[in-house]
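Just so we're clear, the structure is a prediction, and the values are computed from it rather than from any experiment. Counting starts at 1 for both ligands and their atoms, in listed order.
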Amino acid sequence: MTNPPHRPRIALLSERVKNQIAAGEVVERPASVVKELVENALDAGARSIEVDLEEGGVRLVRVVDDGGGMDRADVELAFVAHATSKLHEVEDLDHIASLGFRGEALASIGAVARCSILSRRSEDATGWRIECEGGALSVALEAGAPGGTRIEVRDLFYNVPARRRFLKQTATEFGRCLDVLQRLCLAHEGVAFRVTHDGKRALDVEASMDLRARVRRLFGADLATELVEVRAADGATRLTGLVAPPRFARGDATRQMWFINGRAVRDKVLLRALKDGYHGFVFDHRQPVAFLALSMDPALVDVNVHPQKSDVRFREERRLFGFLVNSIRAAVSRTDMATPGARLLEIASQREQRESVLPFRTAFVPSPRVPAEPFVVREVAPSPGWARANPSAAESPENAAGALDPARRAGDIAPWAALSGTPLVQVARTYILRALEDGFEIVDQHALHERITFEALRGELARGEVEVQRLLVPELVEVDRAQVTLIASRAAELARAGVLIEPFGDTTLAVHGLPARLQRPRPALLVRDVVALLEEDKSLAGEKLLEEVLHRAACRASVMAGDALTADEMRSLLERGRHLESDQTCVHGRPTRVRFALADLERAFHRR
Ligand code: ADP
Ligand code: MG
């Protein structure tokens, strides 16, 4: 037996291999190269940044900036690992203001592509050029150059086939690059961005454009004009930016952008705060559109968690979270939530093309809940009370506390001049039609009433005092044994939402009280809803549970589609809606009103 020639089992990796391995952490795809190079340009104080991409950035990423530039010593160190001009001591990490600081981006990129730098500091007479190919550095040569820096990265992963195979199609890689560039461009007002892909212009923003103007350029005027400004502060922490009306929500999160101290981040806490801020305004699986910048003491936020630096860690997370959710919510409720008639016409004409039927039939297809006579228009005479037109409501003793009862609510309702003279028409016992000065509005009576009731209940809950109406005779509801046990174990929590339920035998629950605000509570339906809610999600607890219970209560106790309303009832409903900040979507995020402005009418009648 011959021994194989002796080789030490453990050896130090060469600098080049180390860099290739490290590269995997920083550089995943062309978009990561784009991010690192543009962030470097921003760190160098650039006011104008040009990015040229070829084949989704795989073949070429070129970034040209007019920033501070580099001298000979700088270019010689730029591709060397852990060489950075931005961080000198560990203590500096606490108040880092630049986007980069690790000094590993260029070293990593240089290890897995063919790169070059051409740079000149404005105060120097000549510039310098250096190349780095697969980690091998050339000598620096003197070269003429404009002030600033031009970095080219060609043939990404040409020497790492395993990684190259993981790259996607050109369109996909380009899409990711563009996403990164859009975020950077929105995070840095005051900087001009010009981007091309395979020679075609892909993004063009002047330095003078503010956030709204940038959104307009990137995503269009429809969105930009509807955005509502956010401006809030909690001590030195400031939140600014723009939020879109809920109807702009989409299937993906590409138009959800968060910036902390100028850095685009994709942090879980922030995304969660945005979701909660829109809670109840959009469907759960839809992603709201918002562009938000947080500026705060760098000592309160650690951006140093991950090499790609999109996750962060906050010192006072709970407090920050509450501040964010409240500020966002306040702004969202100021957005215009009515669905524009134009949108309706669009949907109608799309369907028309698909099904070639009359547009208006399809636009107003009645929902399945609507009873017969869907297109009957009923004009109603004024009548003083709610109960008169609604025999079922009159029978119910709880109705004395009715949310729509004018006597009880009168104090809350300020006169609304615009509404008092407007004729109201109920259509299909479901929609309320109201003339506006330059158009008309259609309100879904159930959706609006539900929203009003829910907001009132939520207000009471927030003040810790949900007013309870005790039932003279408890209402008994038959369920199964497991459900009795389930409700019994949660009874104390439910009581906080004003829902008093107790077991009454093995398979019966007794409802002793419900929130007083419910206009015509339907205990049996509500109990079944709550049981279903708890069975569906066992972990539901605390505020979330109470809110969900109140959702259900508001829904069950509201005017339904199919209920006839008198003119006074309609008026009262609309007036109460007007005093609500967030009357424009129902609790589930469906719109409560659709508005046709003059322009929509003109379009519908081909006047323009
Ligand atoms: P980091 O940004 O973390 O410092 P990089 O590897 O991205 O590390 O860059 C290394 C160094 O190269 C930077 O610290 C900076 O001094 C210099 N540099 C890179 N790009 C530019 C640029 N566009 N303009 C001026 N200097 C640059
Ligand atoms: Mg950098």
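For D43, no nitrogen or oxygen atom sits less than 3.5 Å from a nitrogen or oxygen atom of ligand 1, counting backbone and side chain alike. For the pair E36 and ligand 1, the shortest N or O to N or O distance does not fall below 3.5 Å. Ligand 1 has no N or O atom lying under 3.5 Å from any N or O atom of I151, backbone or side chain.
Note on D234 versus R319: salt bridge recorded, some NZ/NE/NH1/NH2 to OD/OE distance being below 4.0 Å. For E142 and R72, the salt-bridge test fails: no basic side-chain N is under 4.0 Å from an acidic carboxylate O. Ion pairing between R29 and E173 holds under the 4.0 Å rule for side-chain N and carboxylate O. Note on R183 versus D179: salt bridge recorded, some NZ/NE/NH1/NH2 to OD/OE distance being below 4.0 Å. The pair K200-D198 does not count as a salt bridge, with every side-chain nitrogen at least 4.0 angstrom from each carboxylate oxygen.
Of all atoms in ligand 1, listed by their number and element, those nearer than 4.0 Å to a heavy atom of A44 are 24 (N), 25 (C). Near M70, with a cut-off below 4.0 Å to any heavy atom, the atoms of ligand 1 are 17 (C), 18 (N), 21 (C), 25 (C), 26 (N), 27 (C). In summary, the atoms of ligand 1 found under 4.0 Å from a heavy atom of A105, numbered by their order in the structure, are 6 (O), 7 (O).
Residue-level proximity to ligand 1 for T149 is carried by the side chain, the only part with a heavy atom below 4.0 angstrom.
Residue contact annotation: D65 has a non-hydrogen atom under 4.0 Å from ligand 1.
At distances below 3.5 Å, not a single donor-acceptor pair connects side-chain atoms of H188 with backbone N or O atoms of L42.
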